[in-house]
Engineer: 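One structure coming up, written as structure tokens, with questions to follow.
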Amino acid sequence: FLESFYLKYGGFIPLSETDVLEYLKKKGKSDLSNRGLDIKGEMTRYRAGLASAPIAGFMVTYNKHTLGLEDLGTLEEQNWLNDQIINMYGELIMEATQHKVHFFNSFFHKQLVAKGYDGVKRWTKKVDLFSKWLLLIPIHLEIHWSLVTVTMATKTISYYDSQGIVFRHTTDNIMKYLLSEAKEKKQTAFQKGWKITIIKGIPQQKNDSDCGVFVLEV
């Protein structure tokens with residue numbers, strides 16, 4: 001039962017002890033609620049077993065994105081969301097807004113830092129950033145996620161962080177990128193007048209693992 005449930009949903013989040021008891025009751029045709037079954041313990045042991053030998057072939061696909069059990073496992077409990085989860089969610093955001101919002105791949109900023117504008121110039125070969133309403137740029141700094149947004153109409157670069165940490169170099173990097181992109185695409189109106197704001201007073205995470213969730217909630 002646990003295996004079939006995990007194959008269908010990719011996790012045990014929607015599963016309750018009552019569901020398991022009802023299933024066992026139907027199969028065994030008896031009431032098992034008072035037999036002291038350690039259902040949570042069984043689920044924990046099953047999940048631990050999957051970590052060492054995951055079910056082969058299970059995956060969720062959407063457009064060009066694919067999530068395996070390892071990726072879906074980052075949604076459980078106190079795990080950190082990984083790049084695959086962030087990027088698929090970003091794809092859903094773009095679809096939902098009819099591409100008026102552009103969500104950058106989570107590896108964009110790292111590539112920009114490593115190789116400069118020339119290293120990411122081709123990433124927008126088929127995308128007109130200056131026709132968008134909003135740009136969303138997830139920033140992955142090793143063990144922490146934060147978010148940079150760009151409101152094109154007001155030429156405002158905003159920084160959000162659920163731990164109140166300010167990585168000012170990230171917004172500076174994005175401003176330099178936008179100036180280079182505007183010059184490359186001959187968008188003179190966007191070659192000056194940019195401003196940076198650090199957004200304060202936003203909800204803060206209460207643990208060390210929810211930064212990715214807060215990025216997607218913003």
Side-chain angles (χ1 to χ4, degrees), residues 5-14 55 57-76 79-113 117 119-141 144-162 170-171 173-175 177-178 180-182 184-185 187 189-190 194 197 199 202-203 205 209-218:
F5 191 94
Y6 206 91
L7 281 170
K8 183 175 181 179
Y9 297 104
F12 293 129
I13 293 175
I55 298 173
F58 180 86
M59 63 182 60
V60 176
T61 59
Y62 182 75
N63 289 348
K64 61 185 182 221
H65 300 281
T66 300
L67 302 180
L69 282 177
E70 183 178 353
D71 304 311
L72 294 170
T74 69
L75 293 167
E76 292 190 295
N79 294 325
W80 293 329
L81 298 191
N82 67 8
D83 293 277
Q84 287 71 26
I85 294 291
I86 296 286
N87 290 327
M88 181 179 279
Y89 195 88
E91 185 78 22
L92 293 171
I93 289 174
M94 291 192 290
E95 293 284 345
T97 61
Q98 298 180 332
H99 291 273
K100 293 177 182 177
V101 172
H102 183 72
F103 191 98
F104 280 81
N105 186 283
S106 64
F107 295 102
F108 169 80
H109 182 258
K110 186 178 293 185
Q111 182 79 349
L112 176 64
V113 171
Y117 177 73
V120 295
K121 183 167 62 175
R122 292 176 58 84
W123 290 41
T124 55
K125 184 178 180 179
K126 298 180 180 180
V127 179
D128 179 11
L129 295 181
F130 304 102
S131 69
K132 306 297 182 182
W133 171 62
L134 183 70
L135 309 182
L136 300 175
I137 309 165
I139 307 295
H140 196 189
L141 299 173
H144 185 60
W145 289 100
S146 56
L147 180 71
V148 172
T149 70
V150 181
T151 306
M152 302 305 287
T154 59
K155 290 186 279 190
T156 302
I157 301 168
S158 302
Y159 181 82
Y160 296 81
D161 190 278
S162 58
T170 59
T171 51
N173 292 338
I174 299 304
M175 177 180 281
Y177 166 77
L178 290 168
S180 297
E181 180 79 352
E184 176 71 18
K185 300 292 178 66
Q187 294 282 347
F190 291 93
W194 290 96
T197 62
I199 306 300
I202 63 173
Q205 64 190 87
S209 57
D210 283 349
C211 50
V213 176
F214 275 76
V215 163
L216 298 181
E217 279 292 313
V218 171

Engineer: Provide the closest heavy-atom pair for Ser106 versus Pro138 in the form atom of the first, atom of the second, distance.
Structural biologist: CA-CG, 3.8 Å

Engineer: What heavy-atom pair brings Tyr117 and Glu181 nearest, and what distance separates the two atoms?
Structural biologist: OH-OE1, 2.6 Å

Engineer: Grab the two heavy atoms, one from Asp83 and one from Trp145, that are nearest each other, plus how far apart they are.
Structural biologist: OD1-CH2, 3.4 Å

Engineer: Which heavy atom of Thr170 sits nearest a heavy atom of Ile139, and at what distance?
Structural biologist: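 Closest pair (atom of Thr170, atom of Ile139, distance): CG2-CG2, 3.8 Å.
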
Engineer: Hey, are the side chains of Gln84 and Met88 touching, using non-hydrogen atoms and a 4.5 Å cut-off?
Structural biologist: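 Sidechains of Met88 and Gln84: no contact.
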
Engineer: Would a distance-only check, ignoring hydrogens and angles, find a side-chain to backbone donor-acceptor pair under 3.5 Å from Asn105 to Asn87?
Structural biologist: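 Here the side-chain-to-backbone pair does not exist.
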
Engineer: Measure the shortest side-chain to side-chain distance between Met152 and Phe190 over non-hydrogen atoms and say whether it is less than 4.5 angstrom.
Structural biologist: yes

Engineer: Could you check whether any side-chain heavy atom of Ile86 comes within less than 4.5 Å of a side-chain heavy atom of Phe103, counting everything from C-beta outward?
Structural biologist: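 They are in side-chain contact.
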
Engineer: Roughly how far apart are Leu147 CG and Tyr159 OH, rounded to 0.5 Å?
Structural biologist: 9.5 Å

Engineer: Rounded at 0.5 Å granularity, tell me how far CG in Leu112 sits from CH2 in Trp123.
Structural biologist: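 So the CG of Leu112 and the CH2 of Trp123 are separated by 9.5 Å.
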
Engineer: For residues Tyr160 and Ser158, report the shortest heavy-atom separation together with the two atoms involved.
Structural biologist: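 Heavy atoms of Tyr160 and Ser158 come nearest at CE1-CB, 3.8 Å.
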
Engineer: Find out whether Tyr177 and Leu129 are in side-chain contact, i.e. whether some heavy atom of one side chain is under 4.5 Å from a heavy atom of the other.
Structural biologist: yes

Engineer: Are the side chain of Lys155 and the backbone of Ala189 linked by a donor-acceptor contact shorter than 3.5 Å?
Structural biologist: yes

Engineer: With a 4.5 Å cut-off on side-chain heavy atoms, are Val127 and Lys132 touching?
Structural biologist: yes

Engineer: Could you go step by step and tell me if Leu178 and Leu135 meet the side chain to side chain contact (heavy atoms under 4.5 Å, CB included) rule?
Structural biologist: CA-CA 11 Å; Leu178 290 168; Leu135 309 182; 4.0 Å; yes

Engineer: Has Lys100 got a side-chain atom pairing as donor or acceptor with Leu134's backbone, closer than 3.5 angstrom?
Structural biologist: no

Engineer: Do you know the tightest heavy-atom contact between Ile174 and His109?
Structural biologist: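 In terms of heavy atoms, the two residues are closest at CD1-CD2, 4.2 Å.
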
Engineer: Below 30° counts as parallel, above 60° as perpendicular, anything between as tilted: where do the rings of Phe108 and Phe104 land?
Structural biologist: tilted

Engineer: Tell me if the NZ atom of Lys185 is crowded by more than 12 foreign heavy atoms within 6.0 Å.
Structural biologist: yes

Engineer: The test is side chain to side chain contact (heavy atoms under 4.5 Å, CB included); show your working for His102 and Val150 and say whether it passes.
Structural biologist: CA-CA 10 Å; His102 183 72; Val150 181; over 6 Å; no

